[in-house]
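Data first, discussion second: the structure below is written as structure tokens.
From a predicted model like this one, the values you see are computed outputs, not experimental measurements. Each chain gets a letter, A, B and so on, in the order the sequences are listed, and its residues count up from 1.
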Amino acid sequence: MLLDRRLLGRDVLVLFALAGWALAVPHYGSEFVVSMALTCLMYVALATSWTLFCGTTRYLSLATAAFFGIGAYVSALFIETWGWFGVIAGGAGVAALVAVLMGSAVLHLRGTYFAVLTFGMTELIRHAIAYWEKQVTGTVGRVLTVVPERDTVYLTVLAIALLSVAVSIVVRRTRFGLGLMGIGADEQRAQTLGVNTRLVKIGGFALTAAFAGAVGAAMSVRWTYIDPTTVFNPFIGFQTVLIALIGGVATLWGPLIAAVVFSLLAETLRLQAPQLYLMTLGLLLILSVLYLPEGLASLRWSTLRQWRDDTRAWWKALRAGKAGKSTRKAAGA
Amino acid sequence: MSQHNPLTAGPGGLRRRSVVQALAAGAASVGFPAIAQAAPVRVGYAISRTGPATPGAQTSQEPNFLMWAEQQNAAGGLNVKGVKRPIELISSDDRSDIETCVRSYEKLMGSDKVDLILPPWGSGANFAVAPLANRFGYPMLAPTALSRRLVEMKLPYFFLMLQQPKPMCEALVDMFKANGVKTVAVIYTDELFGLENYAAFKVALASSGMTMVEDKSFPTGSKDLSPVLRSIKDKNPDAFVGFTYPADTVLASRQSKEIGFNPKFFYASVGTAFPFYRATLTPAGVEGVIGMGSWNPKTSPGAKAYFDAHVKSQKKEPDRWASGACWASLEILTAAVARVGLDRKAIRDFVAGNEHDTILGKIKFAGSENVGTPGTVGQWQKGEFEVVWPQSRATAPLVTQKPAWA
Amino acid sequence: MSLGSWLELIASGLITGGVYALVGLGLNLQYGLMRILNIAHGEFLMVGAFLTWMATTSFGVSPLLMVPVSFAVLMAVGMLVHRLTFRRLAATSPNLDIFEARGLMVAFGLMFLVQNFADAVWGGDLRGYDYLTEPVHIGGSQFAANKLLLLALSLSFSIALIVMLRLTLLGKGVRALMQSPTGAQLVGIDTARLHPLMFGVGLGLSGVAGSLLSMAYTVSPSMGEPYTVTALIVITLGGFGNMGGALAGGLALGVIEALGMHFTNPSLKALLSYAVFIGVLLWKPNGLFNKRT
């Protein structure tokens, strides 16, 4: 079905439309709008690339923050010597390298082990860098001295986001992508069918990391000052996972839609009522896992009808139960 | 009786009354519209109202900002080159999070375009915001930042009010040396403040003949320092030095009492000068503890006036170190605005190029650093934090043996 | 360093370790029995701490009294949470892997919800109160009375749990379920009642730990997360589902940390913990104390 040309056509068309709209923003939007759009694009890139690997193979990675932070540090350390495009590529490259190393060590574990391990590794990297900075360089954080134009940053992040969506569209239609999905469906069977699961997994993981690293490298200049706590903030990873899950991990556009919705929500509530935002996020996650496990993108009329029918049945049962009790009481009295 | 009333008696009286009334009306029409038309001076800042940095920020910094705005507005407004304009404070809680702090200042300077900014609390936050303020061209006088790196960045729009690590540590080492201290144990927080002071202290110690028997770092906001304190107690140093933030200072003091660690000199850097420290550990409990402090009401009549006003307006005492520096920074800012108005470059030039009279004495800047105030050490004696070093600024002599924790 | 100082150091490691063991046991019960990896565990610890703090400072109730109260309250909360969320998940998930993954996600959501709720209600400032801070002299060493109480109570609760699991009929039922879910159900052990109950007990233990901690340390909404991580490390060290292993693992971790802090820096504590964690997960994924490899 995925090889259907019409679907490919539709995907590419939507991509172009979004690209066009996004390009218009810096010209017509205010400072605030551009800033929001930037965050949106960042999460689009992160969520889409995360879904590329984790959605298909069902290996839940919580290491996004690690790769993001690595990219940010590459930027802070080398922006003066490598230049803007150099650090973006560098961020992607170093992150991918770390992913290959991490992946080789842990990708043979499944399920919760893998998720918890990736989380542990993120924290390990964070504390290691913090310690290194403290003992060896004697600093806590770093100031970015060269800050490119706002528009440059915006266009770069836009490019990364578009690339991640484009890569997603393409990969699904290649053997590599099918291999990823096969691993997600039934790993052992995929192996017997001849898929080199180890290489495919490491490759997918590295790809996801490269995007996160590139985004991290680009976004660090927005912060002017970075330190391990800010750029390796596990929340970046959590939010990416949340967005992907709520959007729908098996789909292409789900994470994108969710990314837009959540980054809008985040930016508006962030400075005023951050607890409310986070509580809403938590609640939404719980509700979506319980009632909409395939994500928002799987929401169909039939789902809504099902919920309506379920609620009606529950209400009926409740009233029948009460009526039953009262008739029994009357009979008993 | 009517014929004695100069205003109503006779035709001349009527004319006089109308003249007086006319004059009054005239004065009103000149005076009132001027006040009604004066646009407020918008002053923006982000400060910690929640999170680990709250005790520091709410003792040394924000109360001073609020009192300043209150005092200026009560006198008709801030004097902007002769015209009095009310101050409007635009502030937000940075939740002790540097990222939130940076974003808030970006918004204040970039989108809201406020007239002036006031700094956040702490070396780390200032390290993050100073380059930003410099880029936007907003002068910033920071009373709670201590960092050689900040000075080295040579930001023309950034001014550090506090004495920097080098003079403070040298003063401490000199005091120890003069009192026969031979061995020292140090703990320091993982923050920029801790790292820098530790480095400066090591340098000062190197040429003094004293030895450092232990040095350990710890993450700020640690819950438990007793293992570290126990191993230090075991080494029995003459002096204990903690480059700590307020919460850590309280923890270290409490846990030292808990394990029975009582060296001759117990020094904790930040928080010691706070009234909250004295309240938490009781005045008897803090007797003899030394820390960073540079003034108290006895320092000058201006200082006493400030102290009294602070207690009256903010219902609490200012601390004996950064609060004074904060008020001094506001005195300088007020003088600058009165002289050159709200042209931010002109304000910066005024601050950089002149010697200022403040409650802490004369203050003058070499680049970003305040070279007018020397390094000092304070000590709790009978419920007051006295300045005990150097002798020239001392408000009381040093008590050389700390009594046991009470 | 003198022998007395070594003993003091190890003793203080045991004190922290006791709490780690208690939190780890609760998490182990939930994971070992129900395969629910409750990463919001630490948040409920924090709630227990805040409840105790509030009761002590606002109503003057003794913290000691709040310990069983926290247990009861958090147990009730746990049973409610289980009924509202995990029960449905168990019913709708097609296989165990998916259930685990979804359970993890729900726990994530709970973590955000509870932590920020506490932040919104009580604010981010550090809170605390003084309880039994007088020093107690044992041999040549000096400890705060509340720390000793902490050790005593955390060990008592941990041992009580282990004893209950070994000797009572309820405990045997739980262990049977852990070993073989289908087999246990075949012999009539009621999963539907045991699961929420044990989930509740797990959270109750977490609440007790929080209550105990509030006596000696500061309380804040973010205090729970490090304990969740520590609990994860403890159950990894001890082996998933292995209660005795969790107790030993918790105490061991406490001592390792204390020694580590002594030889290096407290700043390295977090780094060391994670390194140990990852090391064990990679090298001995079934825990240090499990016989199977």
Side-chain angles (χ1 to χ4, degrees), chain A residues 54 58-60 62 102 105-106 108-132 134-135 184 186-187 228 234-235 237-239 241-242 244-246 249 273-291 293, chain C residues 31 35-37 39-40 43 81 84-89 92-94 96-121 123-124 221 225 229 232-233 236 240 264-265 267-279 281-282 285:
Chain A
C54 306
R58 293 188 181 280
Y59 273 80
L60 287 176
L62 291 168
M102 211 197 273
V106 311
H108 58 279
L109 299 167
R110 276 220 64 121
T112 33
Y113 278 93
F114 179 71
V116 163
L117 246 178
T118 48
F119 174 74
M121 289 224 151
T122 309
E123 291 289 281
L124 185 70
I125 293 178
R126 166 162 86 99
H127 286 287
I129 291 193
Y131 193 72
W132 174 274
K134 207 176 61 69
Q135 296 291 105
D186 188 334
E187 186 161 354
F235 184 67
F238 293 165
Q239 187 153 316
V241 174
L242 246 71
L245 284 175
I246 294 180
V249 288
Q275 294 103 349
L276 190 63
Y277 168 66
L278 290 168
M279 278 170 70
T280 315
L281 212 60
L283 196 60
L284 275 174
L285 179 61
I286 296 175
L287 289 175
S288 80
V289 173
L290 287 177
Y291 297 106
Chain C
Y31 189 69
R35 302 295 285 275
I36 295 173
L37 197 60
I39 42 173
E43 310 311 322
V81 165
L84 286 176
T85 56
F86 295 107
R87 198 176 70 156
R88 190 197 153 90
L89 265 188
T92 55
S93 305
L96 195 57
D97 270 345
I98 292 188
F99 172 71
E100 264 193 51
R102 288 185 183 171
L104 190 63
M105 289 300 125
V106 168
F108 252 133
L110 281 173
M111 183 176 89
F112 281 121
L113 199 57
V114 177
Q115 201 183 119
N116 286 282
F117 177 72
D119 204 6
V121 167
E225 240 174 286
V229 173
L232 275 175
I233 300 178
T236 311
F240 296 108
T264 58
N265 267 320
S267 317
L268 268 181
K269 183 173 94 126
L271 193 62
L272 274 176
S273 305
Y274 282 109
V276 165
F277 179 49
I278 291 177
L281 260 183
L282 288 180

Chain C contacts, top residue of A:Val241, A:Leu278, A:Leu281 (heavy-atom pairs, under 4.5 Å): A:Leu278

Does any non-hydrogen side-chain atom of C:Phe277 lie less than 4.5 Å from one of A:Val116? yes

Where does the angle between the aromatic ring planes of A:Phe119 and C:Tyr274 fall among parallel (under 30°), tilted (30 to 60°) and perpendicular (over 60°)? perpendicular

Identify which part of C:Leu84 has an atom lying under 4.5 Å from any heavy atom of chain A, answering side chain, backbone, both or neither. backbone

C:Phe112-A:Tyr277 aromatic ring centre distance below 6.0 Å: no

Please identify, among C:Gly109, C:Ser273, C:Ala120, the residue contributing the most non-hydrogen atom pairs under 4.5 Å to chain A. C:Gly109

Whatever's closer than 4.5 Å to a heavy atom in chain A on C:Leu282 counts as side chain

Quick check: do C:Val276 and C:Thr236 have side-chain heavy atoms less than 4.5 Å from each other? no

So for A:Ile129, is it side chain, backbone, both, or neither that comes closer than 4.5 Å to the heavy atoms of chain C? neither

Let me know if C:Leu104 has heavy atoms under 4.5 Å from chain A in its side chain, its backbone, both or neither. side chain

Is it the side chain or the backbone of A:Ala115 that comes within 4.5 Å of chain C heavy atoms, both, or neither? side chain

Counting heavy-atom pairs under 4.5 Å to chain A, which of C:Val229, C:Thr92, C:Leu271 comes out on top? C:Leu271

Which residue out of C:Phe117, C:Phe108, C:Phe86 racks up the most heavy-atom pairs below 4.5 Å with chain A? C:Phe108

Are A:Val289 and C:Thr85 close enough that some pair of their side-chain heavy atoms sits under 4.5 Å apart? no

List in chain and number order the residues that pass salt bridge (Lys or Arg N to Asp or Glu O under 4.0 Å) with C:Arg35, two or more places apart in sequence or in another chain; answer none if no residue qualifies. C:Glu100

Mind ranking A:Leu60, A:Leu287, A:Leu284, A:Leu285 by heavy-atom pairs under 4.5 Å with chain C and telling me who comes out on top? A:Leu285

Could you tell me which residues satisfy salt bridge (Lys or Arg N to Asp or Glu O under 4.0 Å) with A:Arg58, sequence neighbours excluded, listed by chain and number? none

